[in-house]
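Numbering of ligands and ligand atoms starts at 1, following listing order.
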Amino acid sequence: MSLQSSEITPKELYFNRRRFLGATAGALAFGALPASGAKVNPLDQAGPMHNLTGEQPNARNMVTTYNNFYEFGTHHEDPAHNAPAWKPPANWTISLEGEVAKPKTLDLDAILKLAPVEERIYRHRCVEAWSLVIPWVGIPLSALLKQAEPTGNAKYVAFESYYDPHQMLSSRAAGIRFPYVEGLRLNEAMHPLTLLAVGVYGESLPNQNGAPVRLVVPWKYGFKGIKSITRIRFVRDQPPTTWNVKWGEAYGFYSNVNPNRDHPGWSQRREQRLGGGLFGQGTSINTQMFNGYRAQVAGLYSGMDLLRYY
Ligand SMILES: Nc1nc2c(c(=O)[nH]1)N[C@H]1C(S)=C(S)[C@@H](COP(=O)(O)O)O[C@H]1N2
Ligand SMILES: [Mo]
């Protein structure tokens, strides 16, 4: 299937410093090479931006200061205060393990060469019923997963975040188990909308948004978008996931955005789209099935009772 891009957003809608369509990428397209020895930032070569929402992205300031990253605090403002001091290991790698023909460990440079780096604007619907519109930069996760050549036994993909107890909260203080883990069914992980993000707003990910590399699954609640990934395992059985272990009735394995399946504590029918309004409190809007990506992803769940497999 191909991605339905509702439009290519005019660059002024996004940021006046969206360099790639203007300076850098244009120059590269016309054959001008960077000065010899200069390292080209793959983010500078991102192709045209695809807006998969038809909506205008939130202001950068909102997306980088209103976060969930329990390793750096349990309040929305905490990660922007605490995460910037964190020094991720210099040579970040992701290992591919488990039910694969070719287990391997790749560093970020290698990962960014696997597919053209893209910019995609997605809706981001947190399970807490707020939402944002975010311009990510990354590659399809499938490009990375294929490298390991998953065997026929690989039915699910399990992800693990980096965890350093000396620089991050304890599990006890955060109230969830660390390292943070997440999981997808293999065909969800291979879906072309599933993004391995390395940037946002045309720049590398700020620590609070999951530096240097995180998952974005736009038709699922935000907590499926595991941050600061170091390890990916292909497995036979549905893997444990952090929020499901914490409270299964509230946080299902699938966690597809579904206005018909309430959280035990609140309705999921509507969401607060943050950013607008007199005080930046946003506006209340209807939540869409699969967060508005029904046409692209409903086929993954045909025949499944989505109130049972929530
Ligand atoms: N490792 C880790 N990943 C995580 C979380 C977390 O606490 N730890 N929070 C999740 C939740 S609940 C959401 S809504 C998104 C938030 O991403 P953002 O801060 O970039 O908007 O990250 C998800 N990924
Ligand atoms: Mo969330």
Trainee: Tell me the contacting part of Glu128 for ligand 1: side chain, backbone, both, or neither, using a 4.0 Å heavy-atom threshold, strictly below.
Mentor: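 Neither part.
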Trainee: Does atom CZ of Arg270 have more than 12 heavy-atom neighbours, drawn from other residues, nucleotides or ligands, at distances under 6.0 Å?
Mentor: yes
Trainee: Less than 3.5 Å between some nitrogen or oxygen of Val63 and one of ligand 1, yes or no?
Mentor: no
Trainee: Show me which atoms of ligand 1 lie under 4.0 Å from any heavy atom of Ser161.
Mentor: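 Per the distance check, 1 (N).
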Trainee: Under 3.5 Å between some N or O of ligand 1 and some N or O of Trp243?
Mentor: no
Trainee: What's the shortest heavy-atom distance between Ser161 and Pro179, and which atoms?
Mentor: O-CB, 3.4 Å
Trainee: Suppose we measure from atom 15 (C) of ligand 1 to each protein heavy atom; which comes out shortest, and what is that distance?
Mentor: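 Minimum-distance protein heavy atom for atom 15 (C) of ligand 1 reads Gly222 O, 3.5 Å.
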Trainee: For Arg177, is the CZ atom crowded, meaning more than 12 foreign heavy atoms sit under 6.0 Å from it?
Mentor: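 Check fails, neighbour count at 12 or below.
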Trainee: Side chains of Ser131 and Glu271: do they bring a donor and an acceptor to under 3.5 Å?
Mentor: yes
Trainee: Just distances here: any N/O of Trp136 and N/O of ligand 1 closer than 3.5 Å?
Mentor: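 No: no nitrogen or oxygen of Trp136 is under 3.5 Å from one in ligand 1.
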Trainee: Ligand 1 versus Glu71, non-hydrogen atoms closer than 4.0 Å: side chain, backbone, both, neither?
Mentor: side chain
Trainee: Any heavy-atom pair between the side chains of Gln56 and Val133 that's under 4.5 Å?
Mentor: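 Not in contact.
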Trainee: Find out whether the Lys NZ or Arg CZ of Arg185 is both under 6.0 angstrom from the six-membered ring centre of Tyr156 and within 45° of the ring's axis.
Mentor: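 Output no; distance or angle outside limits.
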Trainee: May I ask which of Lys227, Gln208, Glu182 has a heavy atom nearer to atom 18 (P) of ligand 1 than the others do?
Mentor: Lys227
Trainee: Does some non-hydrogen atom of Gly210 fall short of 4.0 Å from ligand 1?
Mentor: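 Checking ligand 1 against Gly210, which is what was asked, there is no heavy-atom contact under 4.0 Å.
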Trainee: How close do Tyr70 and Leu169 get, heavy atom to heavy atom, and via which atoms?
Mentor: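 Of all heavy-atom pairs spanning Tyr70 and Leu169, the closest is O-CD1, 3.4 Å.
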Trainee: Under a 4.0 Å heavy-atom limit, does Tyr180 contact ligand 1 with its side chain, its backbone, both, or neither?
Mentor: side chain
Trainee: Just to confirm my output: which protein heavy-atom neighbour is closest to atom 24 (N) of ligand 1, and how far is it?
Mentor: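 The protein heavy atom lying closest is Gly225 O, 2.8 Å.
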Trainee: Judging by distance only, is a nitrogen or oxygen of Trp130 under 3.5 angstrom from one on ligand 1?
Mentor: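 Among all N and O atoms of Trp130, none is under 3.5 Å from an N or O of ligand 1.
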Trainee: Could you tell me whether Asn68 and ligand 1 have an N or O pair separated by under 3.5 Å?
Mentor: yes
Trainee: Considering only protein heavy atoms, which is closest to atom 14 (S) of ligand 1, and at what distance to one decimal place?
Mentor: His124 NE2, 3.5 Å
Trainee: Just to verify, what does Phe72 make a ring pair (Phe, Tyr, Trp, His ring centres under 6.0 Å) with, not counting sequence neighbours?
Mentor: Phe69, Trp86
Trainee: Describe, in one word, how the ring planes of His124 and Trp136 are oriented to each other, choosing from parallel (under 30°), tilted (30 to 60°) and perpendicular (over 60°).
Mentor: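 Tilted.
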Trainee: Is the distance between the ring centroids of Phe223 and Tyr251 under 6.0 Å?
Mentor: yes
Trainee: List ligand 1 atoms under 4.0 Å from Tyr70, heavy atoms only on the residue side.
Mentor: 6 (C), 7 (O)
